[in-house]
Amino acid sequence: TPAFRLAIDSDVTDGSSAELTAVIREIGGTYIDIKTISLPLTSCRVYVSDDPLPLEDFGALLAPLTFPRGVEATAVSAWVDISHTWRGDLLLTLVAPDGREALLFDRQGGNDDDLAGWFRETTAGAGALVEFTGINAFGAWALRVEDLAAGDGGTLNSWRLEVCGPALEPEPRFEIQGLRLRDSISSCDDDGYLDTGETGRVQLELANVGWGEATGLQASLEAGSRVAVLSGAQSVASLEPGESVSLAFDVSAGGVGCQ
């Protein structure tokens, strides 16, 4: 049976399709059969963690990798490159952002050295990857590698996460990653607390932890009855996924003089 390899453009649209026509004819030119099929196309995205991590003898490690896009997974695969002198010691598990886990490798291979290659739904022992179908792949994934026998250690050289599926609509998400007060603008004692009669500054760190750009943002600070906010709303023109911005608001504690 003849086999053909197809190359798909990198800008393929999820959910689109390509028509393939097979034409069979004799050497003399007479057509024997013509058949056309429609091939559904789904893009796949691969992200790599290439920071080597030591695996202690009878130890374990957790290697994180962030998938920065919103994708409804139709297939999830992992590729690993592990140096180890007794492959049969190893247990590999892929952990999704929502806590779901899929076993990839369970102490196969006996005393063979090293472990390298792809783990897909069709790989023997890795069928649990099908549990990730339909998951939003955005977020922090992790590869857990365990050495379950004494006598040999190794190194996780690198690993890759591949997710196939249609992209989800961009969705920015916001997280306050820092909020601190400084009483150094007009301070009685510079002790880090806003005392009566002092003016300070609240520093706010705002991050976009989603998978879509945010535009036209406004941030404001509200305070209780004993503190006045001297700064108005702050504008942020845009905030890309993974970006953060620092905003400052001046505040004052009511009262006369320092107490």
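Worth knowing before you read on, the calculation uses all heavy atoms, side chains too, and leaves out hydrogens, waters and symmetry mates.
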**Student:** Is Val95 reachable from Leu143 through a run of I, L, V, M, F, W or Y residues, each pair having side-chain heavy atoms under 4.5 Å apart?
**Tutor:**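 No, Leu143 and Val95 fall in different hydrophobic clusters.
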**Student:** Side chains of Asn136 and Leu168, heavy atoms from C-beta outward: is any pair under 4.5 Å?
**Tutor:** yes
**Student:** Taking 4.0 angstrom as the limit, do Arg120 and Glu162 come out as a salt bridge?
**Tutor:**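 Salt bridge flag = yes for Glu162 with Arg120.
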**Student:** Could you pull out the closest heavy-atom pair between Ala96 and Phe132, with the gap in Å?
**Tutor:** CB-CE2, 3.6 Å
**Student:** Yes or no on side chain to side chain donor-acceptor pair (under 3.5 Å) for Gln177 and Ser244, after CA distance, side-chain angles and deciding distance?
**Tutor:** CA-CA 9 Å; Gln177 297 186 332; Ser244 61; 5.1 Å; no
**Student:** Assigning hydrophobic clusters by single linkage (Ile, Leu, Val, Met, Phe, Trp, Tyr; side-chain heavy-atom cutoff under 4.5 Å), is Leu181 placed with Leu206?
**Tutor:** yes
**Student:** Within this structure, what is the CG-CG distance for the pair Leu156 and Asp81, rounded to the nearest 0.5 Å?
**Tutor:** 8.0 Å
**Student:** Is Ile176 reachable from Val245 through a run of I, L, V, M, F, W or Y residues, each pair having side-chain heavy atoms under 4.5 Å apart?
**Tutor:** yes
**Student:** Are Trp211 and Phe138 an aromatic pair, judged by ring center distance below 6.0 Å?
**Tutor:** yes
**Student:** Do the side chain of Gln234 and the main chain of Ala248 share a donor and acceptor less than 3.5 angstrom apart?
**Tutor:** yes
**Student:** Counting C-beta onward and ignoring hydrogens, is there a side-chain heavy-atom pair between Leu161 and Val46 closer than 4.5 Å?
**Tutor:** no
**Student:** Working to the nearest 0.5 Å, report the span between OG1 of Thr123 and CD of Glu121.
**Tutor:**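 Atom-to-atom, Thr123:OG1 and Glu121:CD are 9.5 Å apart.
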**Student:** Centroid separation under 6.0 Å, is that true for the rings of Phe119 and Trp159?
**Tutor:**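 Here the rings of Phe119 and Trp159 have centres that are no less than 6.0 Å from each other.
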**Student:** Side chains of Leu129 and Leu103: closer than 4.5 Å at any heavy-atom pair?
**Tutor:** no
**Student:** Between Arg226 and Ala253, is there a donor-acceptor pair closer than 3.5 Å when you use the side chain of the first and the backbone of the second?
**Tutor:** no
**Student:** Considering all heavy atoms of both residues, which atom of Pro172 and which atom of Glu213 are nearest to each other, and what is their separation?
**Tutor:** CG-O, 4.0 Å
**Student:** Could you measure the distance from the CG atom of Asp50 to the CG atom of Leu65? Nearest 0.5 Å is fine.
**Tutor:** 9.5 Å
**Student:** Using a 4.5 Å cut-off on heavy atoms from C-beta on, say whether the side chain of Leu90 contacts that of His84.
**Tutor:** yes
**Student:** Taking atom CG of Leu148 as the centre, does the number of heavy atoms from other residues, nucleotides or ligands within less than 6.0 Å exceed 12?
**Tutor:** yes
**Student:** I need the Ser49 OG to Asn157 CG distance, nearest 0.5 Å.
**Tutor:** 11.0 Å
**Student:** Would you say Arg45 and Val71 make side-chain contact, with heavy atoms under 4.5 Å?
**Tutor:**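 The answer is yes; the side chains approach within 4.5 Å.
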**Student:** Between Asp152 and Thr85, do the side chains contain an N or O donor and an N or O acceptor separated by less than 3.5 Å?
**Tutor:**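 Yes - a donor-acceptor pair under 3.5 Å links their side chains.
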**Student:** Should Thr66 and Trp141 count as side-chain neighbours, where that means a heavy-atom distance under 4.5 Å?
**Tutor:**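 The answer is no, as the side chains (C-beta and beyond) never meet within the 4.5 Å cut-off.
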**Student:** Is the closest side-chain heavy-atom distance between Leu194 and Ser252 below 4.5 Å?
**Tutor:** no
**Student:** I need the Arg107 CZ to Leu92 CG distance, nearest 0.5 Å.
**Tutor:** 12.0 Å
**Student:** Please report the interatomic distance CG(Leu247) to CZ(Arg201), rounded to the nearest 0.5 Å.
**Tutor:** 12.0 Å
**Student:** Are the side chain of Arg87 and the backbone N or O of Asp114 linked by a donor-acceptor pair below 3.5 Å?
**Tutor:** yes
**Student:** Quick check: does any side chain N or O of Glu131 sit under 3.5 Å from a backbone N or O of Ala128, one acting as donor and the other as acceptor?
**Tutor:** no
**Student:** Write down the atom of Asp147, the atom of Ala149, and the distance for their closest heavy-atom approach.
**Tutor:** OD1-O, 2.7 Å
**Student:** Mind listing the closest non-hydrogen atom pair of Pro52 and Thr155 along with its distance?
**Tutor:**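 Taking Pro52 first and Thr155 second, the nearest heavy atoms are CB-CG2, 4.1 Å.
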**Student:** Does any part of the side chain of Arg69, heavy atoms only, come nearer than 4.5 Å to the side chain of Tyr47, both counted from C-beta?
**Tutor:**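 In contact.
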**Student:** For Arg173, is there an ion pair with Glu171 - N to carboxylate O distance below 4.0 angstrom?
**Tutor:** yes
**Student:** Decide whether Leu55 and Leu53 are clustered together by the hydrophobic rule: side chain heavy atoms of Ile, Leu, Val, Met, Phe, Trp, Tyr closer than 4.5 Å, transitively.
**Tutor:** yes
**Student:** Taking a hydrophobic cluster as the set of Ile, Leu, Val, Met, Phe, Trp and Tyr residues connected by side-chain heavy atoms closer than 4.5 Å, whether directly or through intermediates, do Leu204 and Val251 fall within one such cluster?
**Tutor:**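 Leu204 clusters together with Val251.
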